[in-house]
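Remarks on the structure that follows.
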Number of protein chains: 2
Amino acid sequence: MKNYISILKKSKLFAGVGDDEISSMLSCLGARLFTYKKGEYVFRQGEHINDIAVTLEGRLHVQKDDYWGNRSILAEITVGELFGEAYVSPEGSTLINDVVAIEDSAVIFFDVRRVITTCPSACRFHSIVVQNMFFAISEKNRKLVQKIVHISKRTTREKLISYLSEEAKSQNSASFTIPFNRQQLADFLSVDRSAMSNELCKMRDDGLIEFKKNSFKLLQ
Amino acid sequence: MKNYISILKKSKLFAGVGDDEISSMLSCLGARLFTYKKGEYVFRQGEHINDIAVTLEGRLHVQKDDYWGNRSILAEITVGELFGEAYVSPEGSTLINDVVAIEDSAVIFFDVRRVITTCPSACRFHSIVVQNMFFAISEKNRKLVQKIVHISKRTTREKLISYLSEEAKSQNSASFTIPFNRQQLADFLSVDRSAMSNELCKMRDDGLIEFKKNSFKLLQ
DNA sequence: CACTTTCTGTTGTAAAAACAACCGATTTGT
DNA sequence: ACAAATCGGTTGTTTTTACAACAGAAAGTG
């Protein structure tokens with residue numbers, strides 16, 4: 001556990017909290033650590049959860065497979081990111097998607113009730129954690145809206161332009177890499193892979209973009 | 001202002017807080033009331049906001065129009081619902097969509113900084129409000145994911161089935177009404193109105209559904 | 001290194017959607 | 001009540017997508 005404190009310190013949940021405080025909060029928040037091999041499920045659709053989680057190692061995908069096997073990737077979760085917080089509710093709603101490790105990963109879980117109910121006597125940093133959690137879910141909300149903006153576009157080309165433009169913007173450069181391979185990008189944008197691959201090549205032929213593997217460059 | 005307390009009491013933000021406490025918190029939270037005529041903008045894309053808001057009367061749409069005039073409706077906000085909370089962030093992000101009154105509406109604004117920083121001396125109900133806000137944004141998050149599930153479907157028919165099934169489920173009946181007219185439903189599902197209208201009629205002819213205006217019934 | 005698996009691009013076909021244009025019904029405003 | 005505006009359905013055409021099948025490139029494995 002010890003060696004993960006530095007990662008937690010940089011995580012969104014514990015931003016602004018010192019090493020010692022984090023250590024002392026871990027038991028207070030009911031922290032438990034688990035590891036997952038690539039391909040293993042962290043959460044499954046329909047489960048009822050009482051935990052929020054932070055990725056300490058690896059990478060996860062929030063995804064949903066429908067009855068016919070079409071996969072939709074809702075979000076990617078990297079090291080230090082929070083997840084599960086959207087299922088905190090008084091009614092106790094169940095998960096509507098899976099969370100899967102796409103690399104070997106380590107995840108730490110916290111009892112959500114202990115997180116949101118700030119014990120009056122307890123650690124003075126607790127309220128910072130609550131605020132952090134709030135910022136995190138707020139940010140996730142914006143990301144979901146941004147994703148909706150992409151997939152709301154009518155054609156594959158428009159979806160790609162919308163997504164790639166945003167990546168360029170957030171990485172502050174016309175040259176950037178994306179965290180998806182082709183199949184994953186297609187699943188993220190909700191289009192057919194081969195059709196998307198085809199469209200990417202047409203866009204390259206039209207002089208709009210250059211790419212090689214997951215490195216892209218927007219032209220003009 | 002007085003007559004709105006009963007509405008606020010039923011709102012998600014003040015759930016579990018008594019009338020008197022709400023009254024006394026209003027000034028503490030920097031409450032301000034505004035009214036909007038149908039069609040007027042409450043928030044505009046690009047604005048920087050420091051408030052969260054609760055609808056007291058009427059109905060709003062969170063929507064986005066792209067460069068070519070295609071409108072995407074991201075969410076509908078009814079009386080008692082909270083909005084703006086997704087733009088609470090340490091970095092102070094700007095709005096990426098518009099919020100428009102689709103009926104004559106009344107909205108109350110609260111200074112978000114005063115909401116999330118619980119003054120040590122202050123009202124004991126403040127922490128309830130913070131938790132409520134958390135639940136509210138958490139629920140909104142789930143709604144966004146649900147919307148993504150709908151529009152990730154490949155065909156218009158699948159999108160319609162996905163959406164209508166969920167409405168039936170959440171209204172606990174195979175017969176239900178939806179809060180959209182045809183154009184709005186098309187904008188919500190990111191499809192062309194006429195194509196959608198066409199598909200709805202085909203589904204009716206196939207014996208899947210019945211409908212009249214915004215009343216629907218799922219068959220079988 | 002050979003072998004397997006995964007990834008990416010390519011092509012053709014069938015299905016579906018977008019788009020445009022139109023009309024009748026309904027609703028709204030005065 | 002009447003004119004104007006909005007709404008919902010219909011049709012035909014064009015564009016786009018999904019789907020399937022395949023092949024070369026790249027990456028992983030023993």
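Protein chains get the first letters and strands the later ones, always in sequence-line order, with residue 1 at the start of each.
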- Message: Could you go through B:Val99 and B:Phe83, starting from their C-alpha distance and side-chain angles, then the distance that decides it, and tell me whether this counts as side-chain contact (heavy atoms from CB on, under 4.5 Å)?
- Response: CA-CA 9 Å; B:Val99 177; B:Phe83 65 100; 3.9 Å; yes
- Atom pair distance, as rounded to whole Å: CD1 in B:Ile178 and P in D:dC7: 14 Å
- Task: Kindly state each residue pair satisfying ring-ring contact (aromatic ring centres under 6.0 Å, His included) with at least one member in residues 191-217 of chain A, sequence neighbours excluded.
- Result: A:Phe211-A:Phe216
- Message: I'd like to check the salt bridge (charged side-chain N to carboxylate O under 4.0 Å, His left out) partners of B:Asp19; sequence neighbours left out, ordered by chain and number.
- Response: B:Lys9
- Query: Under the salt bridge (charged side-chain N to carboxylate O under 4.0 Å, His left out) test, which residues partner A:Lys143, sequence neighbours left out?
  - Reply: A:Glu81
- Task: Would you mind reading off the distance between B:Lys153 atom NZ and D:dA18 atom C1', rounded to a whole angstrom?
- Result: 16 Å
- Task: Send over the distance from A:Leu189 CG to D:dA18 P, rounded to a whole Å.
- Result: 11 Å
- Message: Using whole Å, what does the distance between atom P of nucleotide D:dA20 and atom CD of A:Gln183 come to?
- Response: 13 Å
- Task: Compute the bend angle of the helix from C:dC1-D:dG30 to C:dT30-D:dA1 from the end axes (five pairs per end), rounded to 10°.
- Result: 70°
- Let me have a per-nucleotide readout for nucleotides 9-18 of chain C, 5' to 3', with B, S or -, counting only protein heavy atoms under 4.0 Å. BBB----SSS
- Nearest whole angstrom, please: distance from the P of C:dC7 to the NZ of A:Lys212. 18 Å
- Query: What is the distance, rounded to the nearest whole Å, between atom CG of A:Leu185 and atom P of C:dT8?
  - Reply: 10 Å
- Any residue meeting salt bridge (charged side-chain N to carboxylate O under 4.0 Å, His left out) with B:Lys202, in chain and number order, not counting sequence neighbours: none
- Could you state the atom-to-atom distance from CZ of B:Phe180 to C1' of D:dG8 in whole Å? 17 Å
- Item | Sidechain N-carboxylate O distance under 4.0 Å for A:Lys159, A:Glu199 | no
Going by atom type alone, with no hydrogens or angles, which donor-acceptor pairs under 3.5 Å involve a side-chain atom of residues 180-194 of chain A and a protein atom two or more places apart or on another chain?
from     : atom 1 : to       : atom 2 : distance (Å)
A:Asn181 : OD1    : A:Gln183 : N      : 3.1
A:Asn181 : OD1    : A:Gln184 : N      : 2.9
A:Arg182 : NH1    : A:Lys213 : O      : 3.0
A:Arg182 : NH2    : A:Lys213 : O      : 3.0
A:Gln183 : NE2    : A:Asp187 : OD1    : 3.1
A:Gln184 : OE1    : A:Asn181 : N      : 3.1
A:Ser190 : OG     : B:Ser152 : OG     : 3.1
A:Asp192 : OD2    : A:Ser194 : N      : 3.2
A:Asp192 : OD2    : A:Ser194 : OG     : 2.7
A:Asp192 : OD2    : A:Ala195 : N      : 3.1

Show every donor-acceptor pair shorter than 3.5 Å between a side-chain atom in residues 43-59 of chain B and any protein atom, with sequence neighbours excluded, or say none if there are none.
from    : atom 1 : to       : atom 2 : distance (Å)
B:Glu47 : OE1    : B:Arg44  : N      : 3.3
B:His48 : ND1    : B:Gly92  : O      : 3.2
B:Asp51 : OD1    : B:Arg32  : NH2    : 2.7
B:Glu57 : OE2    : B:Tyr4   : OH     : 2.7
B:Arg59 : NE     : B:Glu103 : OE2    : 2.9
B:Arg59 : NH1    : B:Glu76  : OE2    : 2.4
B:Arg59 : NH1    : B:Pro179 : O      : 3.1
B:Arg59 : NH2    : B:Glu103 : OE2    : 3.4

- Could you state the CD1-C1' distance from B:Ile151 to D:dT17, rounded to the nearest angstrom? 17 Å
- Query: For B:Lys147, what residues pass the salt bridge (charged side-chain N to carboxylate O under 4.0 Å, His left out) criterion, not counting sequence neighbours?
  - Reply: none
